[in-house]
Protein chains: 2
Amino acid sequence: MTLKLDKVNRGPHLSTLVASSISREIAQGRLKPGDQLPTEQALATTFGVSRNVVREAIARLRSEGRIWSQQGRGAFVADATNATVLTIDYETLQRADSFRNLFELRGMLEVQIAALAATRRSDADIVAMEQALDGMRTAPYGSVAWLKNDLGFHRAVAEATQNPYMGQFLVFVSERVRESILAAGNQQKSDDMARTTLGEHERILAAIKAGDAKGASAAMTRHLAGAASRVGLPGGNAAAKPASSARHSRLRKAVRGQAAG
Amino acid sequence: MTLKLDKVNRGPHLSTLVASSISREIAQGRLKPGDQLPTEQALATTFGVSRNVVREAIARLRSEGRIWSQQGRGAFVADATNATVLTIDYETLQRADSFRNLFELRGMLEVQIAALAATRRSDADIVAMEQALDGMRTAPYGSVAWLKNDLGFHRAVAEATQNPYMGQFLVFVSERVRESILAAGNQQKSDDMARTTLGEHERILAAIKAGDAKGASAAMTRHLAGAASRVGLPGGNAAAKPASSARHSRLRKAVRGQAAG
DNA sequence: TCAATCAGGGTTGTATGATAACACGACAAG
DNA sequence: CTTGTCGTGTTATCATACAACCCTGATTGA
């Protein structure tokens, strides 16, 4: 049988724990922009780790634009708008409303992207969409191959806009949505769903092929509504996950037995 | 007197150089997903740095989801879809068409957000928008305070959707757009522009206040069209400009300005 | 008095070596 | 063929030391 381990392995590294701890201090306002962080040595002792680990954590936060450091002075909290990367951390992803919100954002992008794709698609884009659709036809519904081709179809649509950022953003949001779905884990499959989903995709492709922007966005809207109901969105925000609070058992060697159950 | 000196230097850290070097290897396909990276020791010797520096670079790449490492085995290149952060590096930001593409993405978000905000805004949201507008009225056009309030207005609109991801994404994209504008450095100011821009914002606010979704998105569309022309982005066919003039000095200047605001 | 200089401590950046934890194949024993 | 052990290689972490740099305050010179 396929034993589904939760993919929360999420950094047994101490530096990850330190980084998210500091990150939380910033997010919750206990460290405001401009504030100076404690020295690396102080952080090392308070967290009970070596200064090296603290430095890895700081390197990570610095690359995210959250903090900024200068030799001889110290490390400081950066302005929020300086963030050079867009990140959605795992904890907020687990909240019940985050799935609905992400889905809404995804829909907003998809509908507009479909319309744009209909007016700009090239022949190669059409081929890519058809290939992804074929891949979905030959894979069992909900399997890894199916999901991969599903995402591939939507990415092909996004790339048909000839705007690379569309695909980049859409894939990013879609992946977060997919993680949310997996975290909820309440999806049920049926052959009926496979047929319905395929039909929705085919209608999207047909509209894009015909260069019908309005039709494409309408078909995409229908597809998203169907997908929402398939994952139990309308009234069913079934967030039955027990909130994973087994995490902070004080740093150090608490990470040993994270087999979870 | 705090005079801004040329001290930015943009990453004197060796770990930054190592990280971007590895990152480039991945981006250019010399390291494919699943490939194993050289050992930390090997990387340290080839780059001529200490193993510690390599570890900081790897910690950074790992936090970005680009690579994945396991104790006792090694570090491996992760799948592209595993990226947990969305990042737009300065090199692609420098390309001529990236500004147009980012602006298009921003517009797509803004128009939809405005419509959604009109149906969901609370009184507090309206107050936030009015405050931002007041801030724009009392600041000189194009000044740091003006830009801050401009962004604040759009963020207030996004927050009125009651979907936190909307604001997060919009601010991120808008900041990249602003960086692009600063990098191009071809903006010219006039009092006329200030009045026009303010008027556009006021019409957006009025529509949102009235709960008029269609009006809000229409007003936002007009505002974006105006903004596009103000930064020298003609409506449809301006992609031909080679514009390879943006050099590193310009880029650094833009980075410095962003750090100040 | 005032200004420049300089010494000292504190902080980050980097290097180096050592140890623990883990993965994996080789190899012998059953 | 299976199992247990062991050795090697790798990452994760610790500890220490030094270099580069910033800031402050005392000293010195005019």
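First the proteins, then the strands, lettered A, B, ... as listed; each starts at 1. In this text, all values refer to a predicted model and were calculated from it rather than measured experimentally.
In terms of phosphate contacts, A/Ser69 brings a side-chain nitrogen or oxygen within less than 4.0 Å of OP1 or OP2 of C/dG13. Between B/Arg55 and the phosphate of C/dA15, there is no side-chain N or O to OP1/OP2 separation shorter than 4.0 Å. Neither OP1 nor OP2 of C/dC22 sits under 4.0 Å from any side-chain N or O of B/Arg73.
Regarding B/Leu61, its CG atom lies at a distance of 14 Å from the P atom of D/dT11, rounded to whole Å. Atom-to-atom, CD of B/Gln70 to C1' of C/dA21 comes out at 11 Å; the value is rounded to the nearest Å. One can place CG of B/Leu17 at 13 Å from P of C/dG13, the figure rounded to the nearest angstrom. What separates CZ of B/Phe47 from P of C/dT14 is a distance of 14 Å, to the nearest Å. Atom pair B/His13:NE2 and C/dT12:P shows a separation of 11 Å (rounding to whole Å applied). At whole-Å resolution of the value, CH2 in B/Trp68 and P in D/dT10 are 16 Å apart. C/dG13 atom P lies 13 Å from atom CG of A/Leu43, rounded to whole Å.
Contacts of B/Arg55 classified as salt bridge (charged side-chain N to carboxylate O under 4.0 Å, His left out), with partners at least two apart in sequence or in another chain: A/Glu56, B/Glu40.
Inter-residue side-chain proximity for B/Ser63 and A/Glu64 is flagged as met; some heavy-atom pair is nearer than 4.5 Å. Residues B/Phe169 and A/Phe172 meet the side-chain proximity criterion, which asks for heavy atoms closer than 4.5 Å. Inter-residue side-chain proximity for A/Trp146 and A/Lys148 is flagged as unmet; no heavy-atom pair is nearer than 4.5 Å.
Closest to the side chain of B/Val49, from the set C/dA15, C/dT14, D/dC14, is C/dA15. With distances taken from any side-chain atom of B/Ser50 to the nucleotides D/dT13, C/dT12, C/dA15, the minimum falls on C/dA15. Listed nucleotides: D/dT13, C/dA15, C/dG13. Nearest to the side chain of B/Asn52: C/dA15. Side-chain proximity of B/Leu14 to D/dT13, C/dA15, D/dA12: nearest is C/dA15. Listed candidates were C/dG13, D/dA12, D/dT13. Nearest to the side chain of B/Glu40 is D/dA12.
Remark: the backbone N or O of B/Lys32 is not paired with any side-chain donor or acceptor of B/Glu25 at under 3.5 angstrom. For B/Asn149 (side chain) and B/Ala145 (main-chain N/O), a donor-acceptor pair under 3.5 Å exists by modelled atom type.
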Stepwise side chain to side chain donor-acceptor pair (under 3.5 Å) test for B/Arg60 and B/Ser15: CA-CA 9 Å; B/Arg60 172 178 170 165; B/Ser15 61; 5.7 Å; no
Taking N or O atoms only and anything under 3.5 Å, show me the protein contacts with nucleotides 18-20 of chain D, one pair per line.
from	atom 1	to	atom 2	distance (Å)
D/dA20	O4'	A/Gln71	OE1	3.3
D/dA20	N3	A/Gln71	OE1	2.9

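Within 4.0 Å (heavy atoms only), A/Gln41 reaches no atom of the nucleic acid at all.
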